[in-house]
K.L.:
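Handing you this structure, nothing more for now.
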Amino acid sequence: MNLREQKWKELAEVKQELAERDWFMGTSGNLAIRVSDRPLQIYVTPSGIDKRKKGSEEFLLVDGLGRAVEFTSLRPSAETLLHLEIYHRTAAGCSLHVHTIENNVISEIYGDSGEVVFQGQELIKAFEKWEEDAVLRIPIIQNHSHIPALAKAFSQHIHEDTGAVLIRNHGITVWARTAFQAKKVLEASEFLFQYQLRLLQYQNPLVCMDKCNRRQGKLALLK
Ligand SMILES: CSC[C@@H](O)[C@@H](O)C(=O)COP(=O)(O)O
Ligand SMILES: [Zn+2]
């Protein structure tokens with residue numbers, strides 16, 4: 001198996017696992033893997049397709065500017081520029097983007113603070129943070145519809161070979177050295193989001209109800 005085939009297989013396997021988790025609702029999500037460095041080439045998912053589908057059109061090869069390297073009728077993911085920011089700035093080998101209810105709700109609850117912070121959670125170790133009092137900060141950026149603006153805002157938070165950024169009411173993008181590690185970071189992030197939401201529900205049921213009632217009150221006033 002040559003390098004390209006190997007990278008294709010690696011990304012296809014992760015894609016299959018994320019599909020089994022139902023993390024590609026409504027054609028959302030996009031994935032990429034580094035194939036070569038000089039010149040930079042990555043496999044990325046095509047735009048607008050159902051990422052649960054398997055076959056010969058799961059990925060296309062693009063260059064460092066996001067242009068298809070070989071003749072194809074497929075369009076690269078609309079968010080290819082975000083993936084490229086990662087590969088230009090770090091030694092990451094794989095990047096994954098998914099929309100889930102949990103990552104969207106967390107991004108809305110903590111969006112005004114610009115980050116969601118975790119501490120004292122075992123799964124922080126998935127981010128290569130091993131100290132007992134380690135703090136994990138996941139930045140939350142605005143969801144600009146202009147992709148170059150989104151990519152610029154996103155790039156401000158790419159500092160290491162492993163990382164994660166939430167895009168408010170949109171989804172999460174994670175990256176790491178290998179496809180396996182990127183999947184690990186993604187799963188750990190989603191675990192932490194689910195935990196945090198469950199905790200908030202138990203700790204603040206009255207606050208939740210109050211907010212809900214106020215919102216309903218507002219809606220009633222609008223009618
Ligand atoms: C189906 S709307 C979601 C898209 O706007 C986008 O956010 C997304 O994740 C998938 O875009 P794509 O161009 O298919 O890679
Ligand atoms: Zn998206």
Side-chain angles (χ1 to χ4, degrees), residues 7-8 10-35 40-70 72-88 92 94-111 116 138-158 163-176 179 182-183 185-187 189-190 193:
K7 293 294 166 189
W8 180 293
E10 237 179 286
L11 194 57
E13 281 171 4
V14 169
K15 179 169 158 287
Q16 176 61 28
E17 287 186 48
L18 304 189
E20 281 161 16
R21 289 187 176 277
D22 205 10
W23 281 354
F24 296 131
M25 292 178 101
T27 73
S28 65
N30 35 71
L31 318 178
I33 195 163
R34 189 193 296 267
V35 176
L40 175 62
Q41 293 187 339
I42 63 170
Y43 271 133
V44 66
T45 42
S47 187
I49 61 148
D50 184 347
K51 280 85 190 188
R52 289 170 292 203
K53 296 274 187 295
K54 294 196 261 184
S56 60
E57 300 198 325
E58 280 180 270
F59 312 113
L60 69 155
L61 197 64
V62 302
D63 66 15
L65 294 173
R67 301 173 301 203
V69 169
E70 298 158 325
T72 174
S73 57
L74 303 170
R75 268 182 312 121
S77 164
E79 286 153 8
T80 300
L81 275 186
L82 277 75
H83 293 277
L84 285 170
E85 290 289 350
I86 295 166
Y87 298 108
H88 283 300
C94 181
S95 47
L96 311 171
H97 167 73
V98 298
H99 303 195
T100 67
I101 303 285
E102 288 82 3
N103 68 38
N104 273 248
V105 176
I106 285 284
S107 77
E108 179 58 19
I109 294 177
Y110 296 96
V116 54
I138 300 183
I140 305 169
I141 60 170
Q142 289 307 305
N143 185 26
H144 303 279
S145 56
H146 182 57
I147 298 295
L150 182 63
K152 192 171 174 218
F154 178 76
S155 70
Q156 313 299 308
H157 301 284
I158 306 171
V165 173
L166 275 165
I167 308 169
R168 190 164 179 170
N169 280 324
H170 176 161
I172 190 169
T173 300
V174 306
W175 62 93
K183 180 174 65 95
V185 168
L186 179 59
E187 288 176 343
S189 305
E190 294 295 328
F193 299 154

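Both ligands and their constituent atoms are indexed starting at 1 by order of listing.
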K.L.:
Tell me which protein heavy atom sits closest to atom 5 (O) of ligand 1, plus the residue, atom name and distance to 0.1 Å.
P.N.:
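Protein heavy atom with the smallest distance to atom 5 (O) of ligand 1: Glu79 OE2, 4.3 Å.
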
K.L.:
Could you tell me, atom by atom, which parts of ligand 1 come under 4.0 Å of a heavy atom of Thr27?
P.N.:
1 (C), 10 (C), 14 (O)

K.L.:
Distance under 4.0 Å to a non-hydrogen atom of His97: what atoms of ligand 1 satisfy this?
P.N.:
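This gives 9 (O) as the contact atoms.
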
K.L.:
With no hydrogens and no angle check, is any side-chain donor or acceptor of Lys51 less than 3.5 Å from a backbone partner on Phe24?
P.N.:
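Not at all, since once roles are kept as given, no pair shorter than 3.5 Å links the two residues.
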
K.L.:
Using atom types as modelled and distance alone, determine if a side-chain donor or acceptor of Arg52 lies under 3.5 Å from a backbone N or O of Asp22.
P.N.:
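Not a single qualifying donor-acceptor pair exists.
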
K.L.:
Do any heavy atoms of His99 fall under 4.0 Å from ligand 1?
P.N.:
yes

K.L.:
Can you check whether Gly171's main-chain N or O pairs, donor with acceptor, with His97's side chain at less than 3.5 Å?
P.N.:
no

K.L.:
Is there any N or O on His170 that sits under 3.5 Å from an N or O of ligand 1?
P.N.:
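His170 vs ligand 1: N/O contact under 3.5 Å present.
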
K.L.:
Please calculate the NE2(His170)-the Zn ion (ligand 2)-NE2(His99) angle and round it to 10 degrees.
P.N.:
100°

K.L.:
Which of the numbered atoms in ligand 1 are below 4.0 angstrom from a heavy atom of Gly48?
P.N.:
12 (P), 13 (O), 14 (O)

K.L.:
What atoms of ligand 1 come within less than 4.0 Å of a heavy atom belonging to Ala78?
P.N.:
12 (P), 13 (O), 15 (O)

K.L.:
Report yes or no: does Asp63 contribute a side-chain atom to a donor-acceptor pair with the main-chain N or O of Gln41 at less than 3.5 Å?
P.N.:
no

K.L.:
How are the rings of Tyr43 and Trp8 set relative to one another: parallel (under 30°), tilted (30 to 60°) or perpendicular (over 60°)?
P.N.:
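Correct class here is perpendicular.
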
K.L.:
Starting from atom 14 (O) of ligand 1, find the nearest protein heavy-atom neighbour and note its residue, name and distance.
P.N.:
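Protein heavy atom at minimum distance: Lys51 NZ, 2.5 Å.
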
K.L.:
Looking at atom 15 (O) of ligand 1, what's its closest protein heavy atom, distance included?
P.N.:
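Minimum-distance protein heavy atom for atom 15 (O) of ligand 1 reads Ser77 OG, 2.7 Å.
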
K.L.:
Compare all side-chain heavy atoms of Ile167 with those of Ser107 and state whether any distance is below 4.5 angstrom.
P.N.:
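No, their side chains stay 4.5 Å or more apart.
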
K.L.:
Is the closest heavy-atom distance from Thr45 to ligand 1 below 4.0 Å?
P.N.:
no

K.L.:
So which protein heavy atom does atom 13 (O) of ligand 1 come closest to, and at what separation?
P.N.:
Ser47 OG, 2.6 Å

K.L.:
For the backbone of Lys152 and the side chain of Gln156, can you confirm whether one donor and one acceptor N or O come within less than 3.5 Å of each other?
P.N.:
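Flag set: sc Gln156 to bb Lys152 pair under 3.5 Å.
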
K.L.:
Just distances here: any N/O of Gly29 and N/O of ligand 1 closer than 3.5 Å?
P.N.:
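Min N/O separation from ligand 1 is below 3.5 Å for Gly29.
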
K.L.:
Of the protein's non-hydrogen atoms, which lies at the shortest distance from atom 11 (O) of ligand 1, and what is that distance?
P.N.:
Asn30 ND2, 3.7 Å

K.L.:
Give the residue and atom name of whichever protein heavy atom lies nearest to atom 2 (S) of ligand 1, and the separation in Å to one decimal.
P.N.:
Gly26 O, 4.7 Å

K.L.:
Do NZ/NE/NH1/NH2 and the carboxylate oxygens of Glu190 and Arg21 come within less than 4.0 Å?
P.N.:
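No, this pair does not count.
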
K.L.:
For the backbone of Trp175 and the side chain of Ser95, can you confirm whether one donor and one acceptor N or O come within less than 3.5 Å of each other?
P.N.:
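No: the side chain of Ser95 does not pair with the backbone of Trp175.
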
K.L.:
Treating Lys7 as the side-chain partner and Ile33 as the backbone partner, does any N or O pair qualify as donor plus acceptor under 3.5 Å?
P.N.:
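Such a contact is absent between Lys7 side chain and Ile33 backbone.
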
